[in-house]
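Chain identifiers are assigned alphabetically (A, B, ...) following the order of the sequence lines, protein sequences preceding nucleic acid strands; residue numbering begins at 1 within each chain.
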Amino acid sequence: MFPLDLLSSSAPVAAPASPLLADLNEEQLAAVTLPAGHALILAGAGSGKTRVLTTRIAWLLQTGQATPAGILAVTFTNKAAKEMTARLSAMLPVNVRGMWIGTFHGLCNRLLRAHHQAAGLPQAFQILDMQDQLSAVKRLCKQHGVDDERFPPKQLQYFIAGCKEEGQRPGDVAVKDPDTRKKVEFYQLYEEQCQREGVVDFGELMLRSFELLRDQPHLRAHYQRRFQHILVDEFQDTNRLQYAWLKQLAGDEVGGQMRTQGSVIAVGDDDQSIYAFRGARVGNMADFVREFDVQRQIKLEQNYRSFSNILDSANALISHNSRRLGKNLRTTQGPGEPVRVYEAHNDLAEAQWMVEEIRQLVKNDGFERQQIAILYRSNAQSRVIETALFNAGVAYRVYGGLRFFERAEIKHALAYLRLLENPHDNTSFMRAVNFPPRGIGARTVEVLQDAARSAGCSLSDAVTAVPGKAGANLGAFVAKIEVLREQTQGKNLRLIIEAVLEESGLLEHYRNEKEGADRIENLQELVNAGESFVTQEGFGRDAVALPLDEHGQALRQSPVSQGIDPTQPMLDQVLPGSQPAAGIIDIDTGETLSPLVAFLTHAALEAGDNQAQAGQDAVQLMTVHASKGLEFDAVFIGGMEEGLFPHENAMSDSGGLEEERRLMYVAITRARKRLYLSHSQTRMLHGQTRFHMKSRFFDELPEEALKWITPKQQGFGTFTPQSSGGYGGGGYGGSRGGFGAKTETFASPPVPPQKAAPSHGLRAGIAVFHNKFGEGKVLAIEGTGDDARAQVNFPRHGTKWLALAIAKLTIVD
DNA sequence: CAGCTACGACTTTTT
DNA sequence: GTCGTAGCTG
């Protein structure tokens with residue numbers, strides 16, 4: 001956007017004339033141009049937080065205070081990471097791939113792939129999502145005869161995840177009672193199972209890479225030296241382990257004080273901390289200030305989003321919380337419309353009121369439908385609202401629900417793909433073994449599991465131990481996988497996925513199913529996703545990292561390197577204008593992640609885009625939690641009742657109540673121009689009609705900003721929509737979640753033609769020699785120049801992808 | 001072994 | 001009320 005004069009690196013450090021810094025307010029400018037040192041930025045809702053973060057990075061680069069390789073910016077969601085990356089590359093003609101910008105888990109993944117040996121993992125380790133983790137837990141429960149009345153698998157999963165979030169291994173958990181002891185024992189068994197199968201769950205990604213840094217001094221020192229500028233987004237939502245992880249990267253702790261070389265900038269808002277239930281610890285903010293001896297705190301209190309009636313409501317509400325760092329949003333905008341409050345007789349009437357107001361907003365006030373949001377505390381509330389919208393023919397879209405990579409048919413396909421990479425992945429084995437049905441029932445699987453347990457091997461290896469027809473069926477399945485692995489050897493990702501879909505029988509199965517058309521469409525979409533993953537996304541952001549230095553030494557220069565800064569260790573420095581990097585590279589062997597492993601990682605770490613269809617002209621429905629970070633011209637908050645909002649489960653203790661209040665604060669601050677609140681006297685909940693008092697939060701809002709609206713008509717549900725549209729015009733029935741954007745996100749351009757005359761002289765079919773792996777046969781070549789990689793089959797080590805710039809391959813005559 | 005029925009849960013959720 | 005799972009029956 002801004003034409004930037006990047007070449008004049010002699011620009012003064014505090015260049016006020018820099019177009020980068022134009023239009024920043026005083027607070028923002030101060031935050032962007034903070035001198036070296038640790039800082040806490042309290043960024044209120046709508047205060048331009050993302051802009052400050054990205055401009056800060058751009059400014060550091062532009063003024064020569066940082067190189068791309070020296071920057072680590074971490075977020076919670078892929079969406080936030082993507083946005084940061086996109087904005088940054090719009091600001092500066094810099095190759096953002098050289099920077100470590102990503103989610104906590106994405107960056108952990110990078111670390112672990114690059115240092116998999118030091119971390120004790122196979123390079124191609126697979127990542128379990130929550131579904132996978134739960135089925136792994138269930139499997140283990142069965143195997144050990146765990147009483148699932150006393151220890152429901154869900155609870156064990158929660159326990160394990162909770163321990164890891166606190167940074168605790170089984171040995172670290174304080175055992176207070178017999179139940180805890182049992183759980184810890186189970187935790188231990190679970191760990192062993194994961195290690196055996198070469199899989200890690202989300203918590204393990206964090207914990208394992210934390211331990212890697214903690215236990216490998218030279219590695220830690222290396223990264224500490226490298227990342228001179230660490231920036232953390234949504235700091236109030238970090239859990240204990242994430243904070244500990246950051247500390248490892250920032251420096252060493254001595255007597256409760258951090259000794260650091262670079263600077264850490266934490267950006268957050270304690271008033272928007274709404275994830276305590278999943279381990280977020282607002283206290284990390286205070287700890288950060290103390291342990292890092294933070295001298296600078298900046299508050300961004302200028303709000304650019306809302307009219308003052310809305311903002312005053314938010315300020316007034318949140319002032320009822322104690323234990324705040326203290327912040328008051330202000331705006332230069334006028335009061336705007338009052339906040340409208342509606343009391344309905346029942347939930348249906350509430351929904352109909354919303355629909356009617358929305359029609360008027362669109363018809364009379366020219367609001368766009370996608371700029372109107374209906375927020376609710378719990379998902380169950382959406383049904384009535386959806387019905388009302390549908391009946392009125394108003395297009396809507398519900399956020400949440402299943403994402404693309406979580407759909408059953410996709411999970412099945414992924415299970416087959418994972419088995420190609422790792423036959424010992426029992427979670428995937430279990431998912432695929434009898435789907436599509438091939439006569440392998442629960443009984444057979446039980447026999448197999450017993451055999452595997454007594455032989456101490458994977459399910460795949462145990463099939464030969466199962467006798468009879470059952471054994472034959474199992475053998476056929478394993479053989480099928482092996483044939484598939486054979487067939488796809490050296491093929492590109494698209495062909496691999498296509499082969500799996502066909503050979504697994506998945507396509508055939510869904511072709512014969514009545515409702516299978518959508519599923520087949522999704523499976524086709526998976527092929528497209530694989531294709532664009534390779535051609536468009538360059539193997540995905542999280543998978544990308546160039547050579548890592550295990551010993552803190554500068555690495556051997558790669559032959560064709562240009563634009564490498566010799567004063568910096570050659571970690572992840574990206575060649576300007578080069579093709580996307582080849583993926584994670586093991587420095588000792590030159591081994592890279594295969595496109596398939598990279599894709600599977602991508603699928604686990606990024607379950608799919610939720611806002612793919614956001615552009616539609618449709619009213620947005622979502623939970624308050626899901627609305628965080630978004631903004632709308634008009635916002636409706638329904639179900640403002642005691643027991644619902646604040647939720648009954650959170651009302652008992654003050655901590656829970658304060659979190660509910662923060663949740664309400666988040667909801668209010670989503671609105672730009674109009675805010676509508678409603679509550680209902682009665683509501684269907686869990687199949688029962690319940691009576692509710694109006695929420696206490698109403699009493700905490702400034703009376704002068706509110707306008708109470710009474711029902712136009714008395715009685716129950718007598719309201720009739722009067723306008724022309726009438727019935728079912730929309731046909732938008734809950735199209736939940738999904739990848740949707742078939743034409744946008746995954747439009748795959750023609751595959752770029754292979755560059756001619758490869759300098760390495762390798763081609764498929766010839767024999768090569770590798771120092772560590774010995775002699776092997778080249779199966780495929782991908783990429784060019786520094787990014788060229790070869791797939792080589794070594795008789796003793798299996799099939800590897802090797803970066804030709806790193807791996808020393810000699811051609812065997 | 002697969003399909004069907006009954007029963008229980010049920011706040012929020014990203015990686 | 002509705003979804004998902006567990007257990008039973010054909």
Output a table of donor-acceptor pairs, distance under 3.5 Å, between side-chain atoms of residues 154-168 of chain A and any protein atom two or more places apart or on a different chain; print 'none' if there are none.
residue, atom, partner, partner atom, Å
A:Q157, NE2, A:M130, O, 3.0
A:Q157, NE2, A:Q133, OE1, 3.1
A:K164, NZ, A:E191, OE1, 3.2
A:K164, NZ, A:D201, OD1, 3.3
A:K164, NZ, A:D201, OD2, 2.9
A:K164, NZ, A:E204, OE1, 2.7
A:E166, OE1, A:R240, NH1, 3.1

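- Here the side chain of A:N434 is nearest to one of B:dT15, B:dA2, C:dG1, namely B:dA2.
- As rounded to whole Å, 16 Å separates atom C1' of B:dT14 from atom CE of A:M622.
- For A:E642, the salt bridge (Lys or Arg N to Asp or Glu O under 4.0 Å) test picks out A:R696, with sequence neighbours left out.
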Which atom pairs link the protein and nucleotides 2-10 of chain C when you take only N or O atoms and keep those under 3.5 Å?
residue, atom, partner, partner atom, Å
C:dT2, OP1, A:R383, NH1, 3.0

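- Between A:R662 atom CZ and B:dT12 atom P there is a gap of 18 Å when expressed in whole angstrom units.
- For A:E211, the side-chain contact (heavy atoms from CB on, under 4.5 Å) partners at least two apart in sequence or on another chain are A:R169, A:L207, A:R208, A:R214, A:D215.
- Using a cut-off of 4.0 Å between Lys/Arg side-chain N and Asp/Glu carboxylate O, A:D233 and A:K49 are scored as salt-bridged.
- Distances shorter than 4.0 Å separate some side-chain N or O of A:T623 from OP1 or OP2 on B:dT13.
- The side-chain ring of A:H647 is stacked on the base of B:dT11, judged by centre separation under 5.5 angstrom and plane angle under 30 degrees.
- Applying the salt bridge (Lys or Arg N to Asp or Glu O under 4.0 Å) test to A:R150 and every residue at least two apart in sequence or in another chain returns A:D179.
- Under the 3.5 Å distance criterion, with hydrogens and angles disregarded, no donor-acceptor pair is assigned to the side chains of A:D132 and A:T427.
- Sorted by first then second residue, the side chain to side chain donor-acceptor pair (under 3.5 Å) pairs that include residues 651-660 of chain A, not counting sequence neighbours, are A:S322-A:E658, A:R377-A:E660, A:E659-A:R662.
- Within the nucleic acid shown, A:M206 has no heavy atom closer than 4.0 Å to any nucleic acid atom.
- Within the 4.0 Å cut-off from OP1 or OP2 of B:dT13, at least one side-chain nitrogen or oxygen of A:N379 is found.
- Scored by the side-chain contact (heavy atoms from CB on, under 4.5 Å) test, A:N473 finds A:I440, A:K469 as partners (sequence neighbours excluded).
- For the segment residues 685-692 of chain A, the set of residues with a heavy atom within less than 4.0 Å of an atom of DNA chain B comprises A:H686, in numerical order.
- Remark: A:A604 pairs with A:I127 by the side-chain contact (heavy atoms from CB on, under 4.5 Å) rule, at least two apart or across chains.
- Each of A:T444 and A:F104 was assigned the nucleotide of DNA chain B with the nearest heavy atom; the assignment lying further toward the 5' end belongs to A:T444.
- Side-chain contact, A:S678 with A:E350: a donor N or O sits under 3.5 Å from an acceptor N or O.
- The distance between atom CG of A:L205 and atom P of B:dT14, rounded to the nearest whole Å, is 17 Å.
- No engagement by A:L663 is indicated, since no non-hydrogen atom pair under 4.0 Å with the nucleic acid exists.
- Between A:A604 and A:I440, the residue anchored nearer the 5' end of DNA chain B, judged by the nucleotide with its closest heavy atom, is A:I440.
- A:N422 is linked by a side-chain contact (heavy atoms from CB on, under 4.5 Å) to A:H424, A:D425, counting only residues two or more places apart in sequence or in another chain.
- Picking from B:dT15, B:dT13, B:dT11 the nucleotide with the shortest atom distance to the side chain of A:S378 gives B:dT11.
- For B:dT13 and C:dG4, the P atoms lie 16 Å apart once the distance is rounded to whole Å.
- Of the candidate nucleotides B:dT15, B:dT12, B:dC1, B:dT15 has the atom nearest to the side chain of A:N78.
- Residues from residues 273-284 of chain A placing a heavy atom under 4.0 Å of any atom in DNA chain B, listed by number, are A:Y275, A:F277, A:R278.
- Taking only side-chain atoms of A:T77, from C-beta outward, the nucleotide of B:dT11, B:dT12, B:dT14 with the closest atom is B:dT14.
- Counting non-hydrogen atoms under 4.0 angstrom, A:G439 reaches the backbone sugars and phosphates but no base.
- Residue contacts for A:A442: at a heavy-atom cut-off of 4.0 Å it reaches the sugar-phosphate backbone alone, with no base atom in range.
- A straight line from CG of A:L107 to C1' of B:dT14 spans 15 Å, rounded to a whole angstrom.
- Regarding A:Q133, its CD atom lies at a distance of 15 Å from the P atom of B:dT15, rounded to whole Å.
- Taking atom CD of residue A:E149 and atom C1' of nucleotide B:dA9, one finds them 13 Å apart after rounding to whole Å.
- Distance A:F76 CZ to B:dT15 C1': 10 Å, rounded to the nearest Å.
- In summary, the side chains of A:Q272 and A:Y665 do not present any donor paired with an acceptor at a separation below 3.5 Å, with no hydrogens or angles considered.
- Take A:E631 and apply the salt bridge (Lys or Arg N to Asp or Glu O under 4.0 Å) test, not counting sequence neighbours, and it matches A:R305, A:R672.
- No contact: A:E204 has no heavy atom under 4.0 Å from any strand.
- Atom CD1 in A:I637 sits about 17 Å away from atom P in B:dT12, given to the nearest Å.
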